[in-house]
Protein chains: 2
Amino acid sequence: MATLTGGGEPSATVKTVAAHAGVSAQTVSRVLRGTGYVSEETRAKVLAAVAAVGYRPNAVGRSLRAARTPMVGLLITDIGNPFYAALHKSVEAVFRGRGLTLMLLNSDDDRETERQQLDLLGSYRPSGLLVAPAVHSTLTTGDLAGFGAAVLVSRTLPDLAVPSVVTNEPEAMGEATRELLGAGHRRIAAVLGPEGASTTARREAGYREAMRAARAEPLVFYTDQTGPGARAALRQALHAHPGITAALGFNAPVTEGILAGLRDEGLRCPQDVSLVGFTDAPWMAFYPPPITVVRQPVEDMGRLAARLVLDLVDGKPVAPEPHVVPGTLLRRESVAAPPGPNPTEQGTV
Amino acid sequence: MATLTGGGEPSATVKTVAAHAGVSAQTVSRVLRGTGYVSEETRAKVLAAVAAVGYRPNAVGRSLRAARTPMVGLLITDIGNPFYAALHKSVEAVFRGRGLTLMLLNSDDDRETERQQLDLLGSYRPSGLLVAPAVHSTLTTGDLAGFGAAVLVSRTLPDLAVPSVVTNEPEAMGEATRELLGAGHRRIAAVLGPEGASTTARREAGYREAMRAARAEPLVFYTDQTGPGARAALRQALHAHPGITAALGFNAPVTEGILAGLRDEGLRCPQDVSLVGFTDAPWMAFYPPPITVVRQPVEDMGRLAARLVLDLVDGKPVAPEPHVVPGTLLRRESVAAPPGPNPTEQGTV
DNA sequence: CTGAAAGCGCTTACAG
DNA sequence: CTGAAAGCGCTTACAG
């Protein structure tokens with residue numbers, strides 16, 4: 001059934017089908033697309049011919065004529081980050097069946113690669129684009145306007161007149177911070193992503209605001225947003241500030257890295273250091289201890305972003321203001337009171 | 001620089017460039033592709049015109065003429081599985097720069113979806129295909145031959161004359177099983193993937209062979225290869241066989257599920273139940289206890305599979321026998337002796 | 001309800 | 001070293 005052009009027989013085209021059915025190529029096209037009027041008799045003849053000659057549509061010919069490919073790009077910074085893997089899944093689910101292909105592109109969080117990937121995507125004349133811009137991205141409104149239907153997901157870019165879908169990061173990160181403050185912590189390290197990313201800025205703002213309200217000194221650490229990067233950053237943080245009793249993890253890989261760093265230092269969670277993560281992951285629910293975390297509704301975000309692209313493709317207006325999807329604090333068991341004042345129990349190296 | 005066809009100005013074509021440079025369209029094409037002889041003067045004129053009119057190549061036109069799109073499909077069963085995410089990354093790294101786009105396709109391990117996705121990919125007349133077939137896949141050698149350069153990764157299909165890249169699963173799973181037998185375990189549950197998948201069959205064979213050699217009774221459980229599925233399966237297994245003291249995890253999500261299931265049952269690892277996983281994940285290295293696991297060299301597998309596709313695309317011969325990449329047992333801390341004979345210490349519910 | 005003509009953007013022979 | 005012609009597979013106006 002799915003036999004394609006091998007190296008062997010030349011593949012059938014609408015012309016082959018037309019000849020076989022004794023009709024014109026346009027009639028074949030009409031039957032195949034289901035548009036316009038075709039008599040039942042003709043339709044049956046064409047369908048029989050399609051099966052007989054083993055015709056398989058050529059999307060390239062169609063795209064060239066239509067001046068548009070039914071394909072939407074999803075440009076992200078790292079498919080290894082489960083958040084983006086989940087995002088891909090939920091977006092793809094919306095597009096599947098609507099005849100839109102989702103094309104995954106990785107920027108590796110590098111702005112040069114980002115531009116290359118976008119050029120590549122653009123060469124296919126796609127119908128739309130979903131993008132989480134790289135750090136210090138040089139993308140402009142003009143660049144994105146070229147894609148017709150462009151929507152930012154998760155990360156935004158300053159001064160870009162493009163719709164976006166984000167989590168209520170300042171509020172959610174503030175709540176996460178207050179969760180630790182409320183347990184009695186004062187020395188709370190925020191292990192963030194790359195300086196310059198909107199996600200870092202927004203989560204940092206929520207953290208700083210909560211710390212300021214509590215008159216606690218903010219302790220901010222930037223990372224490359226990966227587990228190994230966060231692991232190293234946490235160790236440095238602990239050495240520079242031995243009094244740290246709690247940490248906030250920027251995303252799932254960073255939260256992983258924090259746990260690895262704590263282990264490196266012989267520190268227990270939550271007895272020595274409490275932890276609240278941002279963005280849930282399956283293992284966090286049963287990790288000992290289960291990790292308290294701000295869950296980002298990634299499926300909702302993906303669905304919403306996909307629908308916005310669909311609306312733009314259909315020419316419907318979409319509000320340029322950020323579409324904010326609320327995160328939820330899941331209280332599990334990684335937050336406890338700070339260790340007692342007895343310095344021998346603090347376990348600093 | 002990356003300004004594309006907006007809704008606005010009609011996009012520049014080779015003709016636009018040709019007119020602006022005062023040359024023919026073919027000359028523009030030659031300059032752009034870097035083939036054939038072009039005088040330096042002409043080249044400079046063309047390049048200037050390209051910049052002046054903001055020309056952006058149209059891959060659709062090129063593909064139609066070439067009867068082939070410089071695109072390779074990667075059809076996998078679940079991008080949420082970190083193994084496949086890592087595979088995508090390593091394959092993409094090989095293709096990038098070679099002018100080949102990698103198109104990620106998800107089958108959700110469903111053979112109908114698999115066929116749809118392959119039809120979709122085929123409609124673009126791609127240059128090649130990397131595929132981990134769905135359970136009970138109906139793909140034939142003919143289906144895959146249509147893609148010219150087709151290579152199976154991770155999973156294979158019986159009676160398919162197509163090159164493949166796999167791990168030495170029987171040997172590696174045998175070694176994992178012996179690791180548990182050697183620690184004194186006899187009641188070892190193998191929590192596998194879907195019945196019918198080659199990966200399940202190959203890992204099961206290694207497990208059964210090792211158990212037979214030790215005259216231990218095999219305890220096999222099939223799952224849908226996800227964390228929640230494995231979690232449920234493990235609980236059932238523990239209830240049906242209260243004497244189980246060790247488990248083997250089919251892949252990273254299943255290993256996660258096993259740990260969740262143990263926690264559900266109030267069982268500790270490794271004091272109550274020892275565990276060896278198959279396929280490493282970052283969190284396993286610092287999970288308490290760090291998980292002993294067979295590491296699959298996913299980057300090597302991806303690179304090798306990508307190179308095989310490249311060879312096939314270039315018309316070079318590729319051995320149809322499976323290309324076997326060896327896994328490595330990483331000994332960490334999730335294996336201990338089985339709990340003592342005192343039944344009150346077994347912690348069964 | 002159906003068909004003849006034209007053209008989407010590009011590149012491949014074929015000439016000079 | 002360069003160009004005029006033709007065509008990849010499809011669909012869009014335009015006729016009937």
Side-chain angles (χ1 to χ4, degrees), chain A residues 4-5 9-47 49-50 53-71 99 119 122-127, chain B residues 4-5 9-47 49-50 53-71 99 119 122-127:
Chain A
L4 291 175
T5 355
E9 79 288 4
S11 70
T13 72
V14 284
K15 274 187 180 167
T16 325
V17 176
H20 196 276
V23 300
S24 71
Q26 306 83 281
T27 299
V28 174
S29 176
R30 280 192 200 98
V31 171
L32 258 24
R33 281 175 300 127
T35 67
Y37 298 90
V38 187
S39 74
E40 260 319 308
E41 192 195 340
T42 306
R43 168 185 305 278
K45 269 195 302 186
V46 168
L47 258 20
V50 162
V53 304
Y55 172 73
R56 329 217 67 234
N58 183 323
V60 182
R62 172 174 5 194
S63 289
L64 183 58
R65 192 62 182 88
R68 202 95 274 182
T69 303
M71 173 190 279
D119 280 346
S123 75
Y124 285 100
R125 305 296 191 258
S127 302
Chain B
L4 291 174
T5 356
E9 80 287 5
S11 71
T13 72
V14 283
K15 276 187 180 168
T16 325
V17 175
H20 196 276
V23 299
S24 71
Q26 306 84 280
T27 300
V28 174
S29 176
R30 280 192 200 98
V31 171
L32 258 23
R33 281 174 302 127
T35 67
Y37 299 90
V38 187
S39 75
E40 259 318 308
E41 193 194 339
T42 305
R43 168 184 305 279
K45 268 196 303 187
V46 169
L47 258 20
V50 162
V53 304
Y55 172 73
R56 328 219 67 231
N58 184 325
V60 182
R62 171 172 9 191
S63 290
L64 183 59
R65 191 62 182 86
R68 202 95 276 180
T69 303
M71 174 190 280
D119 280 347
S123 75
Y124 284 101
R125 304 298 189 259
S127 303

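Values in this document were obtained by computation on a predicted structure and should not be read as measured data. Numbers restart at 1 for each chain; the letters A, B, ... are given by sequence-line order, proteins then strands.
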With sequence neighbours left out, what residues match B:Thr69 under side-chain hydrogen bond (donor to acceptor under 3.5 Å, both in side chains)?
B:Ser63

Can you give me every donor-acceptor pair (side chain of residues 16-27 of chain B, partner residue at least two apart or in another chain, under 3.5 Å) with its distance?
from	atom 1	to	atom 2	distance (Å)
B:Thr16	OG1	B:Thr13	N	2.8
B:Thr16	OG1	B:Thr13	O	3.3
B:Thr16	OG1	B:Thr13	OG1	3.4
B:Ser24	OG	B:Thr27	N	3.4
B:Ser24	OG	B:Thr27	OG1	3.2

Exercise: identify the closest heavy-atom pair between B:Arg68 and B:Pro126
NE-O, 3.2 Å

Listed partners of A:Arg43 passing side-chain contact (heavy atoms from CB on, under 4.5 Å), at least two apart:
A:Val31, A:Val38, A:Glu40, A:Leu47

Heavy atoms only: give me the nearest B:Ala67-B:Arg125 pair and the separation to one decimal.
O-CB, 4.1 Å

Test side chain to side chain contact (heavy atoms under 4.5 Å, CB included) on B:Tyr55 and B:Val28 and set out the steps.
CA-CA 11 Å; B:Tyr55 172 73; B:Val28 174; 5.6 Å; no

Rounded to the nearest 0.5 Å, what separation is found between the CZ atom of B:Arg62 and the OG atom of B:Ser29?
8.5 Å

What does A:Ser63 touch in the nucleic acid at a heavy-atom separation under 4.0 angstrom: a base, only the sugar-phosphate, or nothing?
nothing

Take B:Arg65 and B:Gly22, find for each the nucleotide of DNA chain D with the closest heavy atom, and name the residue whose nucleotide sits nearer the 5' end.
B:Gly22

Look at all strands and tell whether B:Val23 reaches a base, only sugar-phosphate, or nothing, counting heavy atoms closer than 4.0 Å.
sugar-phosphate

Search all heavy atoms of B:Met71 against all heavy atoms of B:Tyr124 and return the closest pair with its distance.
SD-CB, 4.3 Å

With pairs taken as Watson-Crick or G-U wobble and both distances under 3.5 angstrom, which stems of at least three consecutive pairs involve DNA chain C?
C:1-3 with D:14-16, C:5-12 with D:5-12, C:14-16 with D:1-3

Residues of residues 24-34 of chain A with any non-hydrogen atom less than 4.0 angstrom from an atom of DNA chain D: list those, numerically ordered, please.
A:Gln26, A:Ser29, A:Arg33

Can you give the first and last nucleotides of DNA chain C, 5' to 3', that have an atom under 4.0 Å from a heavy atom of chain B?
C:dG9 to C:dT12

